2 protein chains.
Amino acid sequence: MKKQPTREKLLDITFDEVYIHGYTATSVDTILKKAGIPKGSMYHHFKGKKELVLAMVQERLFPKMELFFDFEKKEGATVTDALRSTFAGVSRNKPLIIYGCPLYRLMVELSPVDETFDTVLSTKAMQIQDNLALLLQKGIEDGEFNETLSSKDFAAYIQESTWGVLSLSPSLSSSSHFIKHSKFILETLAIYKN
Amino acid sequence: MKKQPTREKLLDITFDEVYIHGYTATSVDTILKKAGIPKGSMYHHFKGKKELVLAMVQERLFPKMELFFDFEKKEGATVTDALRSTFAGVSRNKPLIIYGCPLYRLMVELSPVDETFDTVLSTKAMQIQDNLALLLQKGIEDGEFNETLSSKDFAAYIQESTWGVLSLSPSLSSSSHFIKHSKFILETLAIYKN
DNA sequence: CCTTAATTAGACCAATTAGTCTAGCCATAG
DNA sequence: CTATGGCTAGACTAATTGGTCTAATTAAGG
């Protein structure tokens, strides 16, 4: 087993720790110990804790988000189908179901308190939302939905209510629970079907 | 202005601090300094930080939640009206709109990591959800909704999607945004109207 | 091989953390 | 007035925090 480059290893461990314990509750020393990397190395690669986590957000968290929430419309399929398959993918993702959306959890912790994180995280959130809105817009243009559907507003609705279920207490979370939730969303969307 | 009893003052300040900064990022010393209360007094009233915050949860946070989310059906009104008025109340509550639901935020931070908090917070969450389910059930019995509505599932749906919008980044939150969200929920509910 | 720069290593530091402890204050019951 | 018990006061502690610093090691280019 080839040794993983220091920087990459640090980003991996940082993701794991921050995902579950949050930014503040994760100490640099813990990360270092779990990674088996001495302090000097870390501070050679990153200016400090905040920069390490910010890099982790860009290089680990965001790519994962793109994986989870890609709303690609498959050839010939409807927008509803594309959404259904995204939801199904999420429901099969164990960590996402148990611990919730890492982007949202970090946003809940840090947005009210740290401007840098707020900007970075909400920008990405809006970007994902915009993709979703684009998909819905396509549905309108294709005649799947009628003009009374506001693609922007509904994209926000989907994103935020999905965040809400996902980031529940692990003791209340399950994939079947999530599936029920996503059915309600699809029912609402169906109101706007032509 | 009469001096507030030590214990009560501590609970007030603790709520403010934990609400915005979270449990971990709030230090005992900060609370003490803001409250102008010496350490000995605090440790006389509470065994430690965790117990202080747990008491705050019971005596400040939970009562506030009951205020925010009371789903009382007014004389003669429909369940839909009761919900609409609850949403309106929430949308007028500035801190709730800006910083989100304090119960949910604490749950997001601590549930995966602390069993005591998880139990206390999710029990309360379920209690509120049960009240909401009861209201919906009444709607079914009154003939406002048909039998295909699962009051339990829909109550969860309302609660969790509402949490999702509320606890967004302050920079993305506004009462008008929340109102749009609540309209979608009511539209979904309307599907089940008789 | 030798020089140079990148990286590793970890001892060290000041500040902050939650929590302890003892001395004294102060209200009230006798 | 005095004795008692609840409460206040804050100095102190041990552990942990994020961060610095310098020396040693390693890798790469000539």
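Computed from a prediction, not measured in an experiment: that's the story for all the values here. Only this structure's heavy atoms are used, side chains among them; waters, hydrogens and symmetry mates stay out. Residue numbers begin at 1 in each chain, while the letters A, B, ... track the order of the sequences.
Looking at A/Ser111, its side chain never comes within 3.5 Å of a backbone N or O of A/Val108 through a donor-acceptor pair. In terms of modelled atom types and a separation under 3.5 Å, the side chain of A/Ser161 and the main chain of A/Tyr157 share a donor-acceptor contact.
For the OP1/OP2 pair of C/dT7 and a distance below 4.0 Å, the side-chain nitrogens and oxygens of A/Thr6 include no atom meeting the criterion. Side-chain nitrogen and oxygen atoms of A/His45 include at least one within less than 4.0 Å of the OP1 or OP2 phosphate oxygen of C/dT8. A sub-4.0 Å separation between OP1 or OP2 of D/dT8 and a side-chain N or O of B/His44 is absent. Contact between the side-chain N/O atoms of B/Ser27 and the OP1/OP2 oxygens of C/dT17 is found at a separation under 4.0 Å.
Nucleic acid contact for A/Gly40: base, since at least one base atom lies under 4.0 Å from a heavy atom of the residue. The residue B/Thr26 sits close only to the backbone: its heavy atoms come under 4.0 Å of sugar-phosphate atoms, none of a base.
For D/dG19, the base has a donor-acceptor partner in the side chain of A/Lys39 [N/O atoms by modelled type, under 3.5 angstrom].
A straight line from CD1 of B/Ile31 to P of C/dA18 spans 8 Å, rounded to a whole angstrom. Between A/Lys49 atom NZ and C/dT16 atom P the separation is 15 Å, expressed in whole Å.
Annotation: of the two residues near DNA chain D, B/Met42 and A/Met42, the 5′-most nearest-nucleotide partner is B/Met42.
Heavy atoms of other residues, nucleotides or ligands lying less than 6.0 angstrom from NZ of B/Lys34 number 12 at most.
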